[in-house]
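Counting starts at 1 for both ligands and their atoms, following the listed order. Here the structure is a predicted model, which is why all the values come from computation and not from measurement.
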Amino acid sequence: MDKFDVFIFGTGTAGQLVAKECAAAGKKVAIIDIREYGGVCSQRGCDPKKLLLASSEAFESSKNMYGDGVTGEIEINWQDAFNYARRYTSNIPQNTEKNLKEKGIICYHGKASFKDAHTITLDGQEIKSDHFVIATGMQPLSLGIPGEKYAMTSGDFFNLKDIPEKVVFIGGGYIGMEFGHLLCRAGSKVTIIDKGNQILSPFDEFTSNLLEEESIKMGIQIIKNSQVSSIEKVNDRYLVHYSLDNSIHQITTDCVFNTAGRVPSIEELNLEQANVVTNHDGILVNSKLQSTSQSHIYACGDSSSRSLPLTPLSSIEAKVVADNLNGKNRKLKIPAIPSSVFTIPQCSGIGLTESQAIEANKTYHTVESNASDWFNNQRINSPLYGYKIILENDSNKILGAHIVGPEAAEQINMFAVAMKANMTFEELKDVIFNYPTWGNDIKSF
Ligand SMILES: Cc1cc2nc3c(=O)[nH]c(=O)nc-3n(C[C@H](O)[C@H](O)[C@H](O)COP(=O)(O)OP(=O)(O)OC[C@H]3O[C@@H](n4cnc5c(N)ncnc54)[C@H](O)[C@@H]3O)c2cc1C
C-alpha cells in the first residue's frame with residue numbers, strides 16, 4: 001500500500017503550490033486530479049480569457065481611434081483568436097505534471113475518495129497519508145431546471161467552434177459579462193438574463209450601473225429580475241423560457257451558457273467517510289486552514305470556505321497550508337481583496353461597497369464622479385470612465401474604491417497597496433506618480 005506524508009486533491013494554483021513547498025521541505029508528497037493537470041485559472045479561466053481579450057482590446061482601441069489616426073478595415077479573426085488562446089493552454093497539462101514529477105511528487109490520475117480519515121481508495125487501491133489537502137476548486141452551479149443539459153459552461157466557452165449568431169447567458173456575474181462582451185464584439189447578438197436587480201452584484205451599484213449602460217449601448221440585451229425556468233431544444237436551436245413581470249417569455253438562441261455561479265467541487269470525495277464538515281461555501285476550516293472536524297485534513301483555494309474564489313486568494317491560502325504542514329504555525333490573514341471584471345471598459349472594486357458600508361453602520365462620505373471627459377480617457381476616445389471612493393469620516397481612511405474604465409484593474413491595485421499600508425486617501429494622493437498615467441489620475445479623484 002502507498003503511504004505518504006501529504007496527499008493533495010487538485011492540481012490547480014492551490015494544489016500545485018502546496019505540493020511543491022512540501023516536497024521542497026523533504027516530505028513524501030502525492031497529488032491527484034480528476035481531469036487533466038493544471039486547474040482552472042491557466043486553462044479554463046483567467047489566462048485563456050485574457051488571451052482572447054487581447055484581440056478584442058486591439059480591435060476596440062483601433063475602432064475608437066478610427067478617423068483620428070487609424071484607418072482601413074479592422075476586424076477580429078475569431079478562429080485565430082481562439083487558436084492563440086489554445087496554443088497557450090494546450091501544453092499546460094503535460095508541463096505541469098512533468099514539473100511536479102521532477103520535484104519528486106507522485107502524480108495520480110482519477111477519482112479517489114475517502115474510505116476513512118487516513119485512507120483513500122483509487123481504482124480499488126488503498127492509499128494512506130498522514131495529512132490530506134483538498135484543493136479541488138469549484139464547478140458551475142447546477143441550475144436545477146428542465147433542459148439544463150443544453151446549457152454550456154465556462155469551460156466549454158474556450159472550445160467554441162464558431163461564433164454563435166445569438167447567445168444567452170444565464171447569470172450576469174463576472175463570467176457572463178466578460179464572455180458577453182467578447183461575443184458581442186465578435187458580432188453575436190448577446191442576451192444576459194439575471195435573477196437580481198443588479199448585474200455584477202458584488203460590485204458597487206455606481207460602477208455596475210455605468211457598465212450596464214455601456215453594455216446596453218454596445219448592443220447587449222440585459223434582462224434583470226428574471227428567472228430562467230427551462231431550456232428546450234428545437235431543431236438545432238434552443239428556446240429559453242424566462243419569467244419577467246409575472247409572465248413567461250421565450251427567446252430563441254443558438255447557444256446558452258450557464259454563468260449563474262460556481263460551487264465547491266467536493267461531492268466526489270466522500271468527505272462524510274472522513275468526518276470532514278462542509279457547508280455551501282466549501283470545507284469548513286479554521287484560521288490555519290485545517291478542517292474544523294479533522295485537523296490533519298486541510299483545505300485551500302476555491303474549495304475552502306474561507307475566502308473569495310480568486311486566484312491570488314488560492315495562492316495565499318495554499319502558502320498558509322504549506323507553511324503549517326512544514327511546521328511554521330501560520331494563520332490566514334487576508335488584506336482587502338481587489339477584484340475586476342475584464343470587460344471593456346473594466347469594472348474593479350476593493351473593500352466595502354456603499355451598501356456594505358451602510359450595512360456595517362460606517363460613518364462615511366464618498367468621492368465620486370463620471371470622469372469620461374478626463375484627459376486619459378479622451379486621449380484614446382474611450383466612452384466610459386468613472387469612480388467612487390468610500391472614505392471613513394473621521395480618519396479619511398479608504399473603506400472602499402470602485403472604478404470603471406479602460407485601466408480600472410491597474411488603478412485598483414494602487415488602492416490595494418494603500419489599504420494594505422493603512423494609508424489615508426490624502427497620503428495616497430501625496431504620492432508622486434508618472435504623468436500622464438491612469439495612476440496619476442487618482443490624485444484628482
Ligand atoms: C471563466 C473564469 C474566469 C476566471 N477569471 C479570473 C480572474 O480573472 N482572476 C481571478 O483571480 N480568478 C479568476 N477565476 C477564478 C480562478 O480561476 C480560481 O479562483 C482559481 O483557479 C482557483 O484555484 P484552485 O487551485 O483553488 O482551484 P482550480 O484551479 O479549480 O483547481 C482545482 C483542480 O481540482 C481538480 N479536481 C476537482 N475535483 C477533484 C477530485 N474529486 N479529485 C481530484 N481532483 C479534483 C480539478 O480538475 C482542478 O484541476 C476565473 C474562473 C473562471 C471559471
Could you list which atoms of ligand 1 come closer than 4.0 Å to a heavy atom of [X]?
| X | result |
| --- | --- |
| C41 | 17 (O), 21 (O) |
| F342 | 8 (O) |
| S154 | 1 (C), 53 (C) |
| P312 | 11 (O) |
| G301 | 26 (O) |
| R35 | 47 (O) |
| L310 | 10 (C), 11 (O), 12 (N), 19 (O) |
| L269 | 41 (N) |

Considering both backbone and side-chain atoms of [X], is one of its nitrogen or oxygen atoms within less than 3.5 Å of a nitrogen or oxygen in ligand 1?
| X | value |
| --- | --- |
| R44 | no |
| E36 | no |
| T13 | yes |
| I34 | yes |
| T311 | yes |
| G15 | no |

Considering only non-hydrogen protein atoms, determine which one is nearest to [atom] and report residue, atom name and distance to 0.1 Å.
| atom | answer |
| --- | --- |
| atom 31 (O) of ligand 1 | G12 CA, 3.5 Å |
| atom 47 (O) of ligand 1 | D33 OD1, 2.7 Å |
| atom 14 (N) of ligand 1 | Y174 OH, 3.3 Å |
| atom 6 (C) of ligand 1 | C46 SG, 3.3 Å |
| atom 40 (C) of ligand 1 | T136 CG2, 3.7 Å |
| atom 24 (P) of ligand 1 | S314 OG, 3.8 Å |
| atom 27 (O) of ligand 1 | G137 CA, 3.4 Å |
| atom 8 (O) of ligand 1 | K49 NZ, 2.5 Å |

(request) Identify which of G10, A14, P264, C300 has a heavy atom lying nearest to atom 25 (O) of ligand 1. (result)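 Going through G10, A14, P264, C300 one by one, A14 has the nearest heavy atom to atom 25 (O) of ligand 1.
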(message) For atom 53 (C) of ligand 1, tell me which residue out of R262, K111, Q43 has the closest non-hydrogen atom.
(response) R262
(request) Give every residue pair that meets the ring pair (Phe, Tyr, Trp, His ring centres under 6.0 Å) criterion with at least one member in residues 290-338, sequence neighbours excluded. (result)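 Every ring pair (Phe, Tyr, Trp, His ring centres under 6.0 Å) pair that includes a residue of residues 290-338, provided the two are not neighbours, is H118-H296.
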Under 6.0 Å between ring centres, would you say that holds for [X] and [Y]?
| X | Y | value |
| --- | --- | --- |
| F342 | H181 | no |
| F7 | F114 | no |
| Y385 | Y387 | no |

(message) Under a plain distance cut-off of 3.5 Å, with no hydrogens placed, do S142 and E148 share a side-chain donor-acceptor pair?
(response)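 Distance-only check passes for E148 and S142.
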(message) With no hydrogens and no angle check, just 3.5 Å: does a side-chain donor-acceptor pair link T119 and D116?
(response) yes
(request) Kindly give the heavy-atom pair with the smallest separation between G180 and V190, and that separation in Å. (result)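 In terms of heavy atoms, the two residues are closest at O-CG2, 3.6 Å.
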(message) D2: which residues meet the side-chain contact (heavy atoms from CB on, under 4.5 Å) condition with it, sequence neighbours left out?
(response)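 Per chain and number, D2 pairs via side-chain contact (heavy atoms from CB on, under 4.5 Å) with F4, Y108, Q125, I127.
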(message) Which label fits F445 and F415: parallel for a plane angle under 30°, tilted from 30 to 60°, or perpendicular past 60°?
(response) parallel
(request) Evaluate the ring planes of F257 and F169, with Trp represented by its six-membered ring, and classify them as parallel (under 30°), tilted (30 to 60°) or perpendicular (over 60°). (result)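 Parallel: the ring planes of F257 and F169 meet at under 30°.
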(request) Measure S303 to ligand 1 on non-hydrogen atoms and call it side chain, backbone, both or neither using the 4.0 Å cut-off. (result) neither
Donor-acceptor pair, distance only, cut-off 3.5 Å: does the side chain of [X] make one with the backbone of [Y]?
| X | Y | result |
| --- | --- | --- |
| E97 | Y37 | no |
| T353 | Q356 | yes |
| S305 | I283 | yes |

(request) Check whether any side-chain heavy atom of I231 sits under 4.5 Å from a side-chain heavy atom of I170, and report yes or no. (result)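 SC-SC contact between I231 and I170 confirmed.
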(request) Among T136, T96, T11, find the residue that satisfies the side-chain hydrogen bond (donor to acceptor under 3.5 Å, both in side chains) test when tested with D33. (result) T11
